[in-house]
Amino acid sequence: MIGGLGCWATVAMAGSGPWIQTTGDASIYVGTEAQRFGTFVLEGGNFKQRQGQEPTVDVDDGISDFYVKPIVTYGLTPRSEIEVALPFGIAQPNDPAGEVCGAFGLDGCDPTAGFTPLTTRAKLNWLDQTFGAPLSSSIGLELRFGQYTAEHRDRLTNLGEGSFDVGLTTAAGRAGSLPGGGYFYTYAEGVARYRTALGKIDSHAAPGAEFQGHGDLALVPDGKFGFGPSLAAFSRPGGLDWAETDLSDIDRFTVLRVLSLQAGAKVSLGVPGRTTATLSVLHTYYAENNPLTTIYSFGLGFNDVFKTADRAAEEGR
């Protein structure tokens with residue numbers, strides 16, 4: 001898989017970090033994401049040129065993707081929550097008659113529209129800064145249902161790899177006050193996924209296990225406007241390199257060994273009504289067997305939609 005790897009490495013989660021949604025309440029995040037790639041990096045990485053061979057390949061005029069990402073988070077207990085995300089995506093080539101698209105067969109670059117894998121996460125906060133700890137931390141379980149995307153997993157424009165995946169998540173973060181007013185927060189989170197194999201090529205499962213990490217730092221000096229850097233990493237350490245794959249095999253992308261490192265920034269604005277608007281950009285700076293992708297995201301987060309925190313405060317008076 002090519003286009004979707006960049007997407008999965010940076011999927012925005014409404015409950016990012018170790019913090020937990022208010023018990024009995026919900027938050028809703030509705031995001032849009034546009035991404036494009038026109039360069040695919042071979043196995044040596046885009047920083048390395050070997051024996052006069054260019055480390056990258058131009059993908060005709062590129063592949064463009066657009067996603068709508070609704071995410072709902074619900075607080076189960078004071079220390080746990082559950083989150084569900086079901087994005088809808090459209091992926092299409094900018095030049096379907098290009099040379100690279102032609103190498104993948106008649107439907108290798110056909111436009112694809114539909115739901116990407118359904119993701120459900122449960123998270124438990126086991127360390128809370130509120131009670132004197134130096135930071136907050138959580139662990140969790142992730143289930144990803146992508147079987148309905150299997151039919152088109154051999155496309156450059158696929159929306160998923162067709163597998164059922166189980167992941168273990170962890171996160172750690174800290175929030176505090178800024179000198180002169182406002183606040184900051186920072187966190188790092190990661191997930192390790194076991195993926196049910198759809199096939200095996202040269203003793204390598206397709207797809208293999210993968211690891212994903214993400215980190216943010218946000219400064220909010222006036223309590224409303226925030227900004228800061230973001231980092232992301234994605235790795236599938238087991239698999240074949242691009243030169244070893246069989247382009248006629250349906251698992252030509254799912255069997256790839258993959259590495260992607262990304263960096264970017266985001267800005268956010270809190271508006272009345274417990275709503276936060278977020279705009280971000282993330283770019284792949286280093287990759288192996290994966291594209292150099294630029295991702296633009298905009299989303300609205302609606303926090304504590306049932307306002308149970310207010311009701312609890314009123315009852316306690």
Side-chain angles (χ1 to χ4, degrees), residues 1-13 16 33 35 37 40-43 45-46 65 67 69 83 85 87 89 91 116-123 139-150 152-156 158-171 188-215 230-242 244-245 249-263 282 284-293 295:
M1 181 184 193
I2 297 182
L5 287 182
C7 166
W8 287 357
T10 57
V11 171
M13 302 303 289
S16 294
E33 183 177 288
Q35 58 176 276
F37 74 85
F40 183 80
V41 182
L42 302 177
E43 57 269 20
N46 51 300
D65 300 351
Y67 300 90
K69 299 182 175 181
E83 180 175 276
T116 71
L118 166 66
T119 301
T120 301
R121 282 186 170 186
K123 183 167 65 178
I139 56 174
L141 176 68
E142 177 192 87
L143 300 178
R144 195 166 64 182
F145 304 86
Q147 297 92 325
Y148 47 85
T149 66
H152 301 308
R153 66 184 184 274
D154 60 337
R155 293 182 179 179
L156 276 168
N158 71 67
L159 297 175
E161 293 184 326
S163 64
F164 169 71
D165 312 321
V166 179
L168 297 177
T169 69
T170 184
E189 60 184 359
V191 57
R193 296 189 183 98
Y194 166 78
R195 311 193 62 191
T196 55
L198 301 173
K200 183 174 286 189
I201 302 176
D202 292 344
S203 76
H204 292 283
E210 63 188 31
F211 304 90
Q212 175 182 325
H214 182 78
S230 296
L231 298 173
F234 179 86
S235 174
R236 181 191 293 163
L240 301 177
D241 287 325
W242 178 253
E244 302 172 304
T245 59
D249 196 293
I250 191 173
D251 287 310
R252 57 195 175 195
F253 299 141
T254 60
V255 77
L256 285 176
R257 177 188 65 84
V258 171
L259 177 63
S260 176
L261 303 177
Q262 300 176 311
L282 204 61
T284 305
Y285 286 94
Y286 181 79
E288 296 177 10
N289 298 311
N290 213 38
L292 299 179
T293 306
I295 303 171

For Pro117 and Arg144, the nearest pair of non-hydrogen atoms, with its separation, is CB-CG, 3.7 Å
Test side-chain contact (heavy atoms from CB on, under 4.5 Å) applied to Val255 and Thr245, step by step:
CA-CA 8 Å; Val255 77; Thr245 59; 4.1 Å; yes
Roughly how far apart are Asn290 CG and Phe40 CZ, rounded to 0.5 Å?
6.5 Å
Kindly write out the residues that satisfy side chain to side chain donor-acceptor pair (under 3.5 Å) with Ser230, not counting sequence neighbours, or none if the list is empty.
Asp216
Could you check whether Arg153 pairs with Glu161 (Lys NZ or Arg NE/NH1/NH2 to Asp/Glu carboxylate O, under 4.0 Å)?
no
Please step through side-chain contact (heavy atoms from CB on, under 4.5 Å) for the pair Glu244 and Glu43, ending with a clear verdict.
CA-CA 10 Å; Glu244 302 172 304; Glu43 57 269 20; over 6 Å; no
Main-chain N/O of Phe164 paired to Thr196 side chain as donor or acceptor, under 3.5 Å:
yes
Minimal heavy-atom distance between Thr284 and Tyr286, with the atoms involved, is CG2-O, 3.5 Å
Atom CG of Leu168 and atom CG of Leu141: how far apart are they, to the nearest 0.5 Å?
6.5 Å
If you take all heavy atoms of Ala232 and His214, which pair is closest and at what distance?
CB-ND1, 3.9 Å
Main chain of Arg257, side chain of Asn289: is a donor-acceptor contact present, judged purely on distance under 3.5 Å?
yes
Measuring from atom CD1 of Ile250 to atom CG of Asp154, what distance do you get when rounded to the nearest 0.5 angstrom?
5.0 Å
Sequence neighbours excluded, the answer for ring pair (Phe, Tyr, Trp, His ring centres under 6.0 Å) partners of Phe211 is none
Pairing residues for His152 by the side chain to side chain donor-acceptor pair (under 3.5 Å) criterion, not counting sequence neighbours:
Arg155
Determine, step by step, whether Tyr67 and Gln35 satisfy the side-chain contact (heavy atoms from CB on, under 4.5 Å) criterion, reporting the C-alpha distance in whole Å, the side-chain angles of both residues, the deciding distance to 0.1 Å, and the verdict.
CA-CA 9 Å; Tyr67 300 90; Gln35 58 176 276; 3.6 Å; yes
Working for salt bridge (charged side-chain N to carboxylate O under 4.0 Å, His left out), residues Arg193 and Glu142:
CA-CA 8 Å; Arg193 296 189 183 98; Glu142 177 192 87; 2.5 Å; yes
Does any non-hydrogen side-chain atom of Thr169 lie less than 4.5 Å from one of Glu189?
no
Atom pair CD1/CZ of Ile201 and Arg252 - distance to nearest 0.5 Å:
11.0 Å
Tell me every residue that passes ring pair (Phe, Tyr, Trp, His ring centres under 6.0 Å) with Tyr285, counting only those two or more places apart in sequence or in another chain.
His283
Give me the atom names and distance for the closest heavy-atom approach of Thr254 to Ala206.
OG1-CB, 3.4 Å
Could you report the tightest heavy-atom contact between Ala263 and Leu282, atom names first, then the distance?
C-CD1, 3.4 Å
Looking only at non-hydrogen atoms, find the nearest pair between Pro207 and Leu198 and report the distance.
CD-N, 4.2 Å
Atom pair OG/NZ of Ser16 and Lys123 - distance to nearest 0.5 Å:
7.0 Å
Taking the basic N atoms (NZ, or NE/NH1/NH2) and the acidic carboxylate oxygens, is any pair closer than 4.0 Å for Glu210 and Arg195?
yes
Test side-chain contact (heavy atoms from CB on, under 4.5 Å) on Val41 and Leu292 and set out the steps.
CA-CA 7 Å; Val41 182; Leu292 299 179; 3.6 Å; yes
Got a sec, which residues hit side chain to side chain donor-acceptor pair (under 3.5 Å) with Asp202, two or more places apart in sequence or on another chain?
none
Please name all residues satisfying ring pair (Phe, Tyr, Trp, His ring centres under 6.0 Å) with Tyr148, sequence neighbours left out, ordered by chain then number.
none
Distance (rounded to the nearest 0.5 Å) between Arg236 CZ and Ser260 OG:
12.0 Å
